[in-house]
Participant: 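Below is a structure I'd like to ask you about.
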Amino acid sequence: MQISPAQLSLVNEQVQRLVSSGNLFGRRLQEAGVTEVRTPADFAALPFSEEQDLRDAYPLGLAAVPEREIVRIHSSSGTTGTPVIIPYTAKDVDDWAEQFRRCYETAGITADDRIQITPGYGLWTAGIGFQAGAERLGAMCIPMGPGNTEKQLQFMIDMGTTVLGATSSYALLLAEEIERRGIRDQLRLKKGVIGSERWGEKMRARIKDELGIKIYDIYGLTEVYGPGIGISCDAECGMHYWDDYLYIEIVDPETGEPVPDGEFGEIVITTLVKEGAPLIRFRTHDISRILPGECPCGSPFPRVDAIGGRSDDMMKIKGVNVFPRQIEEILQEFPQLSSEYQIRISHLEGRDTMRIYVETDGTQDFLDLAEQVAERVKHRIGFTPLVKVVELGVLPRSEKKTRRVFDERYD
Ligand code: ZN
């Protein structure tokens, strides 16, 4: 999605703010000779920023305002080593609450709702983000935080909770517990705002069915405010994001070149109005695509597709970038296939080969089916895989994260 003139002028202000603050990114922009951003070409020439840059700035090297303007910090969990510290000004905190309020509004949640918030509070951005947005909306918050299932369910009944804010794994745990205790009819739960982890359609369906609620996926990352920068709507086709706060571009994770709307790549975010820690072209490593055109729900805000994994999952086959989600989408078009699949990439006789294992109920000849799937992949992605059809139940399953892609080229 081409950057608009209004967004360009905001980026220019962010760049000026960074340069005059002399923070890590300001110095880098100065070294790169960037003085202003007026055109899409100026924007495309701006350097990317990475998670590692944020670590290098520990503890407060990201601050782009005088210290007395910082009212809060958050920290991303980080897998190893130095954490990332993000400083927020009062306006940043306010802007984040407004974005989260919009998320609730998009999900049809109002001041009459009672929102039980189960993600964690503290350095993590989750709980407090859910709460600030709910208060801005005027809904009643029930700030539980995670854990203590007994008390969660008691409050859910006694307080007449109508909306559950949770991670997908905790929502599933609660759903199963509600089912086990047979207390569904004592609950007033209508909606779930579910965030942060990547989750399959199956898990989503289970939470939805067991709780009998509508589910909205929330998007966000600590580096860019936190959860609340985007949410799915009733049309359930992608997530709207707030393009007056963020500019999102999708790039080829390998070359860094922007890809056309509708094509998969890595989400790169530029903050447009952030004060405490503005980020220019921050590489999220989340894989998605811009969904072109208007959403059936009528929202004027643009959309990205549900997050389809991490850029580390990208496979390059015969010069074509492929993401597991693309294969998954094609397989979903065949009702006679189960949701299990496995992709194996190998290097045979000097050529890259992709084998896709799929399972079927046996209503169609295996060879016919294999040929149809291979043709569809060829048509959509541009190369012909070897498709192996097996009987239902043959592929391995796991309750947690089933590994589906095996790259055997370098084993
Ligand atoms: Zn929509």
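Counting starts at 1 for both ligands and their atoms, following the listed order. Note that the numbering runs from 1 along the sequence shown for the chain.
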Participant: Compute the ring centroids of Phe301 and Tyr241, then answer whether they are less than 6.0 Å apart.
Facilitator: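 So the answer is no for these two rings.
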Participant: Mind checking whether the Zn ion (ligand 1) has an N, O or S of Cys237 under 2.8 Å?
Facilitator: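 Under 2.8 Å: Cys237 has no N, O or S contact with the Zn ion (ligand 1).
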Participant: Aromatic rings Tyr104 and Phe130: how do their planes relate, parallel, tilted or perpendicular, breaks at 30° and 60°?
Facilitator: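 Ring orientation, 0 to 90° scale: perpendicular.
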Participant: Please name the atom of His240, limited to N, O or S, that comes nearest to the Zn ion (ligand 1).
Facilitator: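 Of all N, O or S atoms belonging to His240, NE2 is the one nearest the Zn ion (ligand 1).
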Participant: About how large, to 10 degrees, is the angle SG of Cys295, then the Zn ion (ligand 1), then SG of Cys297?
Facilitator: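 Reported to 10°, the angle equals 110°.
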Participant: Taking the ring centre of each residue, are Tyr88 and Tyr225 less than 6.0 Å apart?
Facilitator: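 Tyr88 vs Tyr225: aromatic centres not under 6.0 Å.
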Participant: Considering all heavy atoms of both residues, which atom of Val71 and which atom of Thr89 are nearest to each other, and what is their separation?
Facilitator: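 Closest approach of Val71 to Thr89, heavy atoms only: CG2-C, 3.6 Å.
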